[in-house]
Amino acid sequence: MSAVEAGQYGSGARSLLRNSDIALAVAVIFVVAMMIVPLPPALLDFLLATNLGIAIMVLLVSIYLQEALDFSVFPSLLLVLTLYRLGLNVSATRLILLHGHAGSVIQAFGSFVVGGNYIVGIVVFIILMIIQFAVITNGAGRVAEVAARFTLDAMPGKQMSIDADLNAGMLTEEEARARRRKIEQEADFYGAMDGASKFVKGDAIASIVIVLVNILGGFAIGMFQLQLSLMESLQRFTLLAVGDGLVAQIPALLISTAAGIIVTRAASDENLGQDIAAQVARHPRALLISAGVLLSLGLVPGMPTAPFLVMGGVAAAAGLGLRQGGGRDDDKDSRQGASPAPPAGSLAAEAQIQYDRLELELGYGLIGLVDGSRGGDLLERIGALRRQVAQEMGFVLPKVRIRDNLRLSANEYAVRLHGEPVGRGELMMQHYLAMPIGEAAEPIEGIPTTEPAFGLPAFWIEESQRERAELTGYTVVDAPSVLTTHFSEIVKRHAGELISRQDVHELLETAKQQDAAVVEELIPGCLSLGEVHEVIRRLLAEQVPIRNMVRILETLADVARQTKDLDLITEHVRRGQARTICNLYRSEDGAVHVVTLAPELEERLAQSVQSAGGARNLVLEPPLVQALIESIGQQVELMAQRGLRGVVLCSVAVRAPLRRLMERALPEVAVISFAEIAPEVEVQSEAVVRIRLEEGVG
């Protein structure tokens, strides 16, 4: 092909893509016209061959998909193809009943495929219908229905998770928008697939009816109009009817199979064939055992020897080849791949390794922070932080293991909780972090970045710029202070996960020295150690200090006689800590500035509270959840612009469920109840959250 021809070819392809909407509109109109206007047999043959080719193409596309959304147009395409197939059925029926002939393709399927035996043809057609209708279509429809239900149920949680990542600075606005769009597309796709599966089921029923009509109508026409004998009429029209049914249902079966593959396809980096080959290849032992079973069956008297021996030999060769080529046996760790198993002594030693509850990993460029000879004071800062947490929160922070990690970049650090990463950031040594105070700060030269603890915009500046930055409206901190502040916020945010049952036991032993009676009354008579630990964990998860442990234990002992509901118990404990909670959120003027809920909204939330698994949760429609989160977030943002802490004030009945609903999207927003307001504390309502409940939008 010459360059000119190649250019013309590419231009033609682009032109076709640009005019694809016109082509589709014309195709749909033509399909409808097929049901009205008689078609010549030659054109019908061409259209039937096209139908088969399209079905094969759709099946192959579904096999090569990496995730279902790569073929999101499939539900609409399924409707068009179903309509196309029904149009072909109508055109073929017209030709069969008018002329006793419907083209070469239907004749070939009726004569060659079933051997010219109409009884065999009917049996084959019935078997195909059972496979499609009872197996593939029902299975694919059920999978689509369940997938649509779970996708819609998980949609609010996924959206709140994206909002949380966005607020934490882990995602840009464009990335968050793209992920939200993908979630919406996924919900739309599986919802559409749930409905589109009904097209396939209806097509199968229509095919049965059309075949019966063709047989009965053709039999009557052959007997009374064409003056054929009974057997001649039955032979001719039954073969044509069955041929028409087969030539329509084989493509329909391929489309149904494609639908089943798409709705059962999990997201992957490879296509279906590569995933199957790779995952089966991990288990060569399964192939070897299968080979042994096949070879054994070949030696059983009365069994055909050759097929079993051949297939057994093929399976054995494949299993041995995979094992020698590095295939993973079932008893090997999937994370180790084909690496040799470590010695038993090494495994025994590794089994004793336990994750530290709290770890701080440093890139090699940050090692100087812990080197005292080079002026590093990170160890002293962490020690001071542990003392601060003990004074403010009331429990001793577990020891922090600081280690280097060569997998991190030079200036990167990561915080791990129970071995899993919960935060990371990047420092620029020999630089300072400058954060603007309000909007009055003058522009400054520096390297743009995001402050890791609170996600604020900031700049890395050199030491020579520090004084000027402070004079022009910036807060300037050094790199070790940035790390320490970020680490402190992570500790406070995950305090509920840091305190262990052993820590609670030690707190109880300390409280026992002050008031042994309350501890002995509470445990084990009223609550177990595990239940006390859960209440303490819930308090710390919302950053409520537990300094006054004796008062907390007294409240637990009083309430535990009335109920074992940990949600109610926790709310009573919070009520007993009202002054402590109010002091957490007081502003400089001494008042607690809050956002309240409209009475009708609070009533709706109270009616939506349901208990499950020992906790109360709000069960709301996704649009209402989204509107509620967005409305609260907007009001809190307006308060933050005025330098006020975002606090939501509501009734006791909805406080805990509302907090659980908000903790992913708005983790920094506190939720308190009216019962937690101390009598002497002034409360100022800054805004009222209102939502149109009938529409679920704010």
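Residue numbers count from 1 along this sequence. Below, each value reflects all heavy atoms present in this structure, side chains not excepted, and no hydrogens, waters or symmetry copies.
Between the side chain of R579 and the backbone N or O of E680 there is no donor-acceptor pair closer than 3.5 Å. Side-chain atoms of H533 never come within 3.5 Å of backbone atoms of Q502 as a donor-acceptor pair (strictly under, hydrogens ignored). A donor-acceptor pair is defined here as one N or O able to donate and one able to accept, closer than 3.5 Å; no such pair exists between the side chain of S528 and the backbone of P524.
The pair E686-R642 meets the salt-bridge criterion, with a side-chain N (NZ, NE, NH1 or NH2) lying under 4.0 Å from an Asp/Glu carboxylate O. Salt bridge annotation for E534-R538: present, with a cationic side-chain nitrogen under 4.0 angstrom from a carboxylate oxygen. A salt bridge does not link R690 to E602: none of the charged nitrogens lies less than 4.0 Å from a carboxylate oxygen.
R416 is listed as a side-chain neighbour of E361, based on a closest heavy-atom distance under 4.5 Å. Within the 4.5 Å cutoff, the side chain of R547 has heavy atoms near those of the T580 side chain. At a threshold of 4.5 Å between non-hydrogen side-chain atoms, the residues L378 and L483 count as touching. Annotation: side chain of L527 is in contact with side chain of L556 (closest heavy-atom distance under 4.5 Å). No side-chain heavy atom of L666 sits less than 4.5 Å from a side-chain heavy atom of V636.
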Decide yes or no on side chain to side chain contact (heavy atoms under 4.5 Å, CB included) for L358 and R401, but give the supporting numbers first.
-> CA-CA 7 Å; L358 198 55; R401 180 180 293 274; over 6 Å; no
Could you go through the side-chain hydrogen bond (donor to acceptor under 3.5 Å, both in side chains) check for T555 and D558 one step at a time?
-> CA-CA 5 Å; T555 307; D558 293 338; 5.7 Å; no
Carefully, step by step, assess E542 and R659 under the rule side chain to side chain contact (heavy atoms under 4.5 Å, CB included).
-> CA-CA 9 Å; E542 297 189 52; R659 172 60 189 169; 3.6 Å; yes
Under the side-chain hydrogen bond (donor to acceptor under 3.5 Å, both in side chains) rule, what do Y585 and H593 come out as? Steps first, then yes or no, please.
-> CA-CA 8 Å; Y585 308 120; H593 299 264; over 6 Å; no
Between S481 and R381, is a side-chain hydrogen bond (donor to acceptor under 3.5 Å, both in side chains) present by the stated rule, with each step listed?
-> CA-CA 9 Å; S481 298; R381 290 173 182 260; 3.1 Å; yes
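Side-chain atoms of E637 and Q635 form no donor-acceptor pair, as typed in the model, at a separation below 3.5 Å.
In K564, the NZ atom is crowded: over 12 heavy atoms of neighbouring residues, nucleotides or ligands sit closer than 6.0 Å. At most 12 heavy atoms of other shown residues, nucleotides or ligands fall within 6.0 angstrom of atom CD in E588.
Contact between I581 and E676 at its shortest, heavy atoms only, is CD1-OE1, 3.9 Å.
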